[in-house]
Amino acid sequence: MMLEVRDIHTYYGESHALQGVSLSLKEGETVCLLGRNGAGKSTTLRSIIGLNAPRSGQVIFAGTDVTGWPAYRIARQGVGLVPEDRRIFPGLTVRENLEVGYYQRPGTRNPWSPERIFDEYPMLAELANQDGSTLSGGQQQMLAVARSLMSAPRLLLLDEPNEGLAPVIVKQIGRLLDDLSKTTTILFTDQSVHFALQHARRAYILEKGRVVHEASSEALLDDEAIQHRYLSV
Ligand code: ATP
């Protein structure tokens, strides 16, 4: 298993946001975490990478129990996060934003460089010397994903990669996700089924901090009752 989340409970102060979430991903899988606003999707990703440590339960990454570790240490084990708000560094160029993302895990070779990113994603090459904060929302999202690639993560977490983006950009993000899924294990969140199930093989549905359903993408696409009950359609 690349990731095993076992019965985690996560709080914001006294507010019990995750009430026993369990899920798992095998190496190479692309899985989606679905659910409406406030269901607990972001909190689940933040719990996995240690930004909101669970109060109980376990997070096992590639066989190592990382529960309670600080986020930077979990990231260095090979977990990348593309947060919902993207966090592009203003005042740094696109190239510099990519350079900041570079990290080489001891004992491994990281093949990524800004040049390789530019070769693979020419849209970013054209923007290489532009201040990251001047990019459109879609361009910033591409940059945020590319920056997370720069650390060659073994597991990539993406929080609502499509939020607020125009359909043409959503298509590009979809292609990028499909490319990434050839080499990386991916867990991403979304509010509706269509994009998610096109790009993931399997999904978990969250509601009120609990996993209420798990199914293959095909099964979910056919299941309108579940879609209406738990998702924005
Ligand atoms: P969204 O699509 O809005 O990001 P989500 O499914 O990712 O939704 P979370 O952001 O994980 O949901 O929120 C889960 C619960 O935790 C919600 O009830 C939310 O109000 C609460 N919550 C999230 N962040 C905080 C915070 N910083 N302080 C207090 N409560 C929070």
Side-chain angles (χ1 to χ4, degrees), residues 3-25 30-59 61 66-72 74-75 79-88 137-138 140-141 144-145 148 153 155-167 169-170 173-174 177 185-200 202-215 217 220 223 226-233:
L3 177 71
E4 275 180 82
V5 173
R6 295 185 189 151
D7 194 28
I8 57 171
H9 289 252
T10 302
Y11 291 74
Y12 293 102
E14 288 310 301
S15 162
H16 194 174
L18 297 188
Q19 309 190 5
V21 169
S22 299
L23 54 87
S24 58
L25 272 80
T30 297
V31 173
C32 183
L33 203 53
L34 289 163
R36 292 206 176 92
N37 253 330
K41 304 181 297 294
S42 304
T43 307
T44 301
L45 299 188
R46 293 172 61 82
S47 295
I48 292 168
I49 203 167
L51 289 169
N52 287 98
R55 211 178 271 181
S56 65
Q58 287 175 305
V59 178
F61 171 62
V66 299
T67 319
W69 288 23
Y72 80 90
I74 297 178
V79 183
L81 171 68
V82 180
E84 206 165 2
D85 59 5
R86 299 167 195 142
R87 298 283 168 101
I88 298 306
Q140 288 198 11
Q141 186 63 267
V145 178
S148 71
L155 170 68
L156 186 57
L157 309 172
L158 298 113
D159 200 356
E160 296 200 29
N162 291 321
E163 208 192 7
L165 302 183
I169 304 284
V170 170
I173 299 281
L177 216 56
T185 308
I186 298 177
L187 178 63
F188 70 98
T189 72
D190 208 332
Q191 295 204 17
S192 67
V193 287
H194 302 290
F195 175 88
L197 299 184
Q198 250 180 307
H199 300 284
R202 207 154 63 74
Y204 293 93
I205 301 182
L206 279 181
E207 181 167 82
K208 295 186 182 146
R210 293 192 172 92
V211 174
V212 289
H213 195 74
E214 182 197 345
S217 298
L220 261 182
D223 197 336
I226 290 280
Q227 292 181 27
H228 281 281
R229 189 150 167 210
Y230 297 121
L231 304 171
S232 324
V233 281

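We count ligands from 1, going down the list as the structure has it; atoms in each ligand are counted the same way.
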Next item on the list: Evaluate the ring planes of His16 and Tyr11, with Trp represented by its six-membered ring, and classify them as parallel (under 30°), tilted (30 to 60°) or perpendicular (over 60°).
Entry: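 Ring orientation of His16 relative to Tyr11: parallel.
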
Notebook entry, point to check: Could you state the interatomic distance from OH (Tyr204) to SG (Cys32), rounded to the nearest 0.5 Å?
Noted result: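 Interatomic distance, Tyr204 OH to Cys32 SG, rounded to 0.5 Å: 12.0 Å.
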
Check: Judged by atom type as modelled, is there a donor-acceptor pair below 3.5 Å linking the side chain of Glu163 to the main-chain atoms of Glu84?
Finding: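 Side chain of Glu163 to backbone of Glu84, a donor-acceptor pair under 3.5 Å: no, none is there.
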
Notebook entry, point to check: Does any N or O in the side chain of Ser22 come within less than 3.5 Å of the main-chain N or O of Asp7, such that one atom is a donor and the other an acceptor?
Noted result: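 Such a contact is found between Ser22 side chain and Asp7 backbone.
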
Check: Can you list every pair that meets salt bridge (charged side-chain N to carboxylate O under 4.0 Å, His left out) and has a residue in residues 203-212, with sequence neighbours left out?
Finding: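 Matches after skipping sequence neighbours: none remain.
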
Checklist line | Partner of Thr189 under side-chain contact (heavy atoms from CB on, under 4.5 Å), chosen from Leu45, Leu34, Leu158, Leu157 | finding: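 Answer after filtering Leu45, Leu34, Leu158, Leu157: Leu45.
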
Checklist line | Contact residues of ligand 1 (heavy atom under 4.0 Å), by chain and number | finding: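 Answer by chain and number: Tyr12, Ala17, Arg36, Asn37, Gly38, Ala39, Gly40, Lys41, Ser42, Thr43, Glu84, Glu160, Gln191.
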
